[in-house]
Structures are given as C-alpha cells and as structure tokens.
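Here is the structure we will look at.
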Amino acid sequence: MPSVLFICLGNICRSPTAEAVFRQKAVEAGLDVEIESAGTSGAHNGEEPDPRSVKAGKRRGYSFDGQMSRQVEGEDFNRFDYILAMDSYNLSHLRRIKPAFARTPPRLFLDFADGVIDRNVPDPYYGGNRGFDDVLDLIERASEGLVAEIRANL
Ligand code: 4NP
C-alpha cells in the first residue's frame, strides 16, 4: 500500500489539514493509502488539531477524528513512500534530520499543485481566519495532483 506522511511545523494546523483532505480525496478516488502527519517541532506533541483548522475543514466536509500531534522521527524516512513538507523551511529541516541511508527524500507537497507558483503553504497559526481557507484551497489542489501521481505509479 502506498504511504504518505505530511509535515509542517507544529502538526496542529497545515499537516493535519493535509491528512484530513487527502484521506477523503484518496477514498473518493478508490485508492488505499496509508496516511499520517507529523511536525518538525515537538512543541505540540499529544495535542489535537487547532480548532480553527478543524472548523474550516469540517465546513468542507473533512474529518479530523483521531488526529494527535507528534514529532517526525528518523524511522519515518524508511516507513513512508512520500514525505511531503508544507513549506521550504520545514523541507530544509527534514533534509537535515534525514538519516544518511534512509529511503525517502522529503519533497514539497505543493510540487503536486498544478499552476501554483509559490510552493509554500503559508503558516496560518498567527493570522486571521481567512488563512485557514487559503490553506484548504492549496491543499485541495495538491491532493488532486498527489492522487494522480499515486494512481500513475500503482
Ligand atoms: P502548523 O502551524 O505548523 O501548520 O501546525 C503552527 C502551529 C504552531 C506554531 C506555529 C505554526 N507555534 O509556533 O506554536
């Protein structure tokens, strides 16, 4: 089964949203995919997703049930086929901590978003509520590209 790990900083806003959206998109596409998310920081370990992310996502029909923040670990680079960072800051962090002989190089999630020029999902944590909808727009677009990629590689 293909496997995907979404990564942001705190694992409470962007990557939980990516997990929720992509889980739904994969089901709709009839794809069996193992999906998790994690943060490069462990500051929010054990916390549920940010209520603002949950509210914005639920309005579009996505479920965040059972999600809990955790920090990325070395073993993840062998467990997952895709390790997808929400922005270039977190991508460089992942490149620094990837064990030398681990299998999967991290990439930017928005590399799969057709027509999106800035490949960073903006951090909504300190912004207003609109930021959470912008995050969803970008993540929905990248999720469609990732579904196509996984289907093409089955
Ligand atoms: P995330 O957002 O990386 O999308 O989960 C953030 C969550 C928490 C913090 C920053 C960004 N923080 O500084 O605590």
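Whatever order the structure lists ligands and atoms in, that order sets their numbers, starting from 1.
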Salt bridge (Lys or Arg N to Asp or Glu O under 4.0 Å) between Arg60 and Asp137, intermediate numbers included:
CA-CA 11 Å; Arg60 298 192 192 189; Asp137 291 340; 2.9 Å; yes

Between Arg23 and Val33 (side chain of the first, backbone of the second, donor and acceptor by atom type, cut-off under 3.5 Å), is there such a pair?
no

Would you check if Ile139 and Ser143 make a side-chain contact, meaning some heavy-atom pair closer than 4.5 Å?
yes

Show me which atoms of ligand 1 lie under 4.0 Å from any heavy atom of Leu9.
3 (O), 10 (C)

Okay, side chain of Ser15, backbone of Ser37: is any donor-acceptor separation there less than 3.5 Å?
no

Nearest 0.5 Å, what's the CZ-CD distance between Phe64 and Glu48?
12.0 Å

Got an N/O contact under 3.5 Å between Cys8 and ligand 1?
no

Do any N/O atoms on Arg14 end up under 3.5 angstrom from N/O atoms on ligand 1?
yes

Nearest to atom 9 (C) of ligand 1, what protein heavy atom do you find, and at what distance?
Tyr125 CD2, 3.6 Å

Any N or O on Cys13 sitting closer than 3.5 Å to an N or O of ligand 1?
yes

For atom 10 (C) of ligand 1, which candidate among Asp123, Asp87, Val135, Thr17 provides the closest heavy atom?
Asp123

Could you tell me whether Asp76 and Arg79 have a side-chain N and a carboxylate O separated by less than 4.0 Å?
yes

Quick one: nearest non-hydrogen protein atom to atom 13 (O) of ligand 1, plus distance?
Tyr126 OH, 3.3 Å

I'd like to know whether CG of Asp32 has more than 12 heavy-atom contacts from other residues, nucleotides or ligands below 6.0 angstrom.
no

Under 4.0 Å from a heavy atom of His44: which atoms of ligand 1 are those, numbered in the order shown and with their elements?
8 (C), 12 (N), 14 (O)

For ligand 1, does Asn11 get within less than 4.0 Å through its side chain, its backbone, both, or neither, judged by non-hydrogen atoms?
backbone

Would you mind listing which atoms of ligand 1 come within a distance below 4.0 Å of any non-hydrogen atom of Ile12?
5 (O), 7 (C), 8 (C)

